[in-house]
Trainee: 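Below is a structure I'd like to ask you about.
Start at 1 and go down the list; that is how both ligands and their atoms are numbered.
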Amino acid sequence: MNVPEIFGSEVFNESVMREKLPKQTYKALKKTIAEGLPLDIELANVVANAMKDWAVEKGATHYTHWFQPMTGLTAEKLDSFITPTDDGHVIMEFSGKELIKGEADASSFPSGGLRATFEARGYTAWDASSYAFIKENTLCIPTAFCSYNGEALDKKTPLLKSMEAINRASLRILKMFGSDATRVIANCGAEQEYFLIDREMYSHRKDLIFTGRTLYGAPAPKGQELEDHYFGTIKTRVAAYMKDVDEQLWRLGIYAKTKHNEVAPAQHELAPIFNTANIATDHNQLTMEIMKRTARKHGFKCLLHEKPFAGINGSGKHNNWSLSTNTGVNLLDPGKTPAENAQFLLFLVAVIKAVNDYQDILRASVATAGNDHRLGANEAPPAIISIFLGDELTGILEAISHGDKYEGKRVEMEIGVDVLPHFPKDTTDRNRTSPFAFTGNKFEFRMPGSRLSCGGPITVINTIVAATLDQFADELGKAPNFRQALEELIKREYKDNSRIVFNGNGYSEEWEKEAEKRGLLNLRSTPASVPCFCDKKNVEMFSKYGVYSETELKSRVDILLDEYCKTLNIEALTMIDMAKKDILPAAAAYIKELSQTAALAKDLGADCEFETDMVKRISTLASQTYRKMGDLENQLVKCKEVKGVLAQANCYHDNVFTAMGELRAYADEIETLVGEKYWPYPTYGALLFYVM
Ligand code: ADP
Ligand code: MG
């Protein structure tokens, strides 16, 4: 495989544009994209035609406006290029109008009340900053999706708006430092964790099929305690899968870079090289899609659920985030001179303050029923937000805030004095337990679950940092002495917000207590965290930047809570079905076998201690399972009757979720007792330690 040759071969990228478009058109398009202007129709006509010719040459027959509805998945409605001619033939056509704007019947996408059914139409508009590409013989046009009234129905529109907000706020600050940058870009590198299991075994598990996670399952004799899977040799069948995925991603111009085994058995990770946040988000959505599709081809099922197996690590999607300028400066890089240092420290303190002030919405931005299982369990960060800075950087900030010397060396803010030590990426401590860690020249937000679109969390990070930078710019802009004001601001803001900094073990119980003392939030569940989007301070902030209007926030809260209820409802129904149709019958069959054996053996004078004992134990557990199952059925009925989506989500959390856990405990114990051939499902051992 010649990687440079195939890389981006399915993408209508810069070099294709330069080759296929008339020079003037190419220039005009580039300018439009760089300045984020709307595309005019004449330009669009030329671009659309060139795009179509290129796509048809590559075997495409259809086009689609590829968008990201609030389900967090991607959606597409395919149209073919055919246009009938008078003589009964067809030609392949694609107009500028079709490129710029599409219209989709949006009535079945969640809108949280944003769209009445009589206005079922949704509009899609090309995000020209993200290249068009070919997938499965279809030209895909990365697109934003909004309602008839212009409200965002997707994850992309707010993300683009937040990128504009952080651009403007950062530039205000940079001007004060005399920078000649004219654009600041938010970047994202999304590390994607996933499980691969055998497809045949998967097909025997209703829970995996209906819910993406195991709802029952006793632990296997071996788990992840030996940590022998992490970075272990990749098995042949998995390696072939990864190679296939890499190749497809490269063809789509996605910088797939790193792949390795993760801590849990059957768990792996794929990380691309970071990119502009909206492109990284598009690429991650594509990556997930290709990972799933390719698994089928290799006899695997790719599980992207945040917590497919109890008792072993869940899967996350670490969002690495940074800001860079169009002059090539990473604003989160400490730099080598005091002037750069001061600017860096200001951005750093802005992030610290933003995270402290908006812990609530950061937590809410990753809330889903599936991720609730992950946060706080095993290798996932807790539901408490804190920032890891490392000892060195914390030491410096502490010293500055107390006006002390740091390691015998006074840290000066004035140009020409001491320089902050440069932090090579690798010396920043590898603290894996922090939800929001500074890792040398970027922040790594580790709370997002593996299935989540990067769009939501990155939108929140961009906007809260933009809001904070604007506050700083307002203050510094008024100050008579910039340097002095800067020093005072950094000192004060670090002091006021340092409670959010924590460099210790985020998994420990002591931290939970300490965090409570510091007054940090610990929002443990989706219903406990999601409503905060509509708190006054958050509505004001998001509306100020036009990222989300109050109506859009309300609709999102409704969608998230509704999705939570539906997820739990499906899980509970699946558990009931499995207990009733498979697990209890398995217990009964085994009881029958044991009882018949005992009856026969007793005639021969055997004492039948094993059979008698087992029959009693399994029978007792079966009764408990049966009763809990009935209890769960009742809880479901109760929740269904609750009015109001928040009250309903709380009901599911407090009652259904609890009953599910109790039911599982009994059933899992039955699994450990019945004979192997009686158990209706592949076990954790079989699922996780399949032979290659
Ligand atoms: P680790 O698993 O040690 O955290 P990886 O190499 O798996 O590290 O992933 C790091 C991710 O961070 C990659 O996607 C990488 O491209 C991304 N990254 C590196 N530098 C930046 C940056 N300046 N801004 C955003 N993302 C970055
Ligand atoms: Mg990481």
Trainee: For ligand 1, which part of Asn330 has a heavy atom less than 4.0 Å away: the side chain, the backbone, both, or neither?
Mentor: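 For Asn330, only side-chain atoms sit under 4.0 Å from ligand 1.
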Trainee: Between Phe274 and ligand 1, is there a nitrogen or oxygen pair with a distance under 3.5 Å?
Mentor: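 Yes.
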Trainee: Between His260 and ligand 1, find which residue part has any heavy-atom pair under 4.0 Å and reply side chain, backbone, both or neither.
Mentor: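 His260 to ligand 1: no contact under 4.0 Å from either part.
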Trainee: Using heavy atoms and a 4.0 Å limit, tell me yes or no: is Lys257 in contact with ligand 1?
Mentor: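 Flag not set, Lys257 not near ligand 1.
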Trainee: At under 4.0 Å between heavy atoms, is it the side chain or the backbone of Glu444 that contacts ligand 1, or both, or neither?
Mentor: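 Glu444 to ligand 1: side-chain contact only, backbone stays beyond 4.0 Å.
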Trainee: I'd like to know whether ligand 1 has Glu193 as a neighbour, heavy-atom separation below 4.0 Å.
Mentor: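 No.
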Trainee: For Lys243, does the NZ atom sit with more than 12 other heavy atoms under 6.0 Å from it, leaving out its own atoms?
Mentor: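 No.
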Trainee: Can a cation-pi geometry be assigned to Arg237 and Phe300, taking NZ or CZ under 6.0 Å from the six-membered ring centre and within 45° of the ring axis?
Mentor: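 The answer is yes, since Arg237 meets both limits relative to Phe300.
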Trainee: Would you call the rings of His298 and Tyr241 parallel, tilted or perpendicular, where under 30° means parallel and over 60° means perpendicular?
Mentor: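 The arrangement is perpendicular - the two ring planes meet at more than 60°.
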Trainee: Without swapping roles, check the side chain of Asn371 against the backbone of Met447 for a donor-acceptor pair under 3.5 Å.
Mentor: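 Confirmed, Asn371 side chain pairs with Met447 backbone.
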Trainee: If you measure from atom 19 (C) of ligand 1 to every heavy atom of Gln192, Glu262, Lys442, Arg446, which option wins on shortest distance?
Mentor: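 Selected option, by shortest heavy-atom distance: Lys442.
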Trainee: Taking atom 13 (C) of ligand 1 as the point of reference, which of Gly189, Ala190, Pro272 owns the nearest heavy atom?
Mentor: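 Among Gly189, Ala190, Pro272, the closest heavy atom to atom 13 (C) of ligand 1 comes from Pro272.
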Trainee: Mark yes or no for whether Lys317, through its side chain, and Ser450, through its backbone, hold a donor-acceptor pair below 3.5 Å.
Mentor: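 Yes, because the side chain of Lys317 sits within donor-acceptor range (under 3.5 Å) of the backbone of Ser450.
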Trainee: Please confirm whether Thr258 comes within less than 3.5 Å of ligand 1 when only nitrogen or oxygen atoms on both sides are compared.
Mentor: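 Among all N and O atoms of Thr258, none is under 3.5 Å from an N or O of ligand 1.
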Trainee: Relative to the heavy atoms of Ile273, which atoms of ligand 1 are at a distance of less than 4.0 Å?
Mentor: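 Listed by number with element, the hits are 16 (O).
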Trainee: Check this for me - ligand 1, Glu191, N or O atoms closer than 3.5 angstrom, yes or no?
Mentor: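 So ligand 1 has an N or O lying under 3.5 Å from an N or O of Glu191.
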Trainee: May I ask you to check whether Trp321 has an N/O atom sitting below 3.5 Å from an N/O atom of ligand 1?
Mentor: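 Between Trp321 and ligand 1 (N or O atoms, distance only) the closest approach is not under 3.5 Å.
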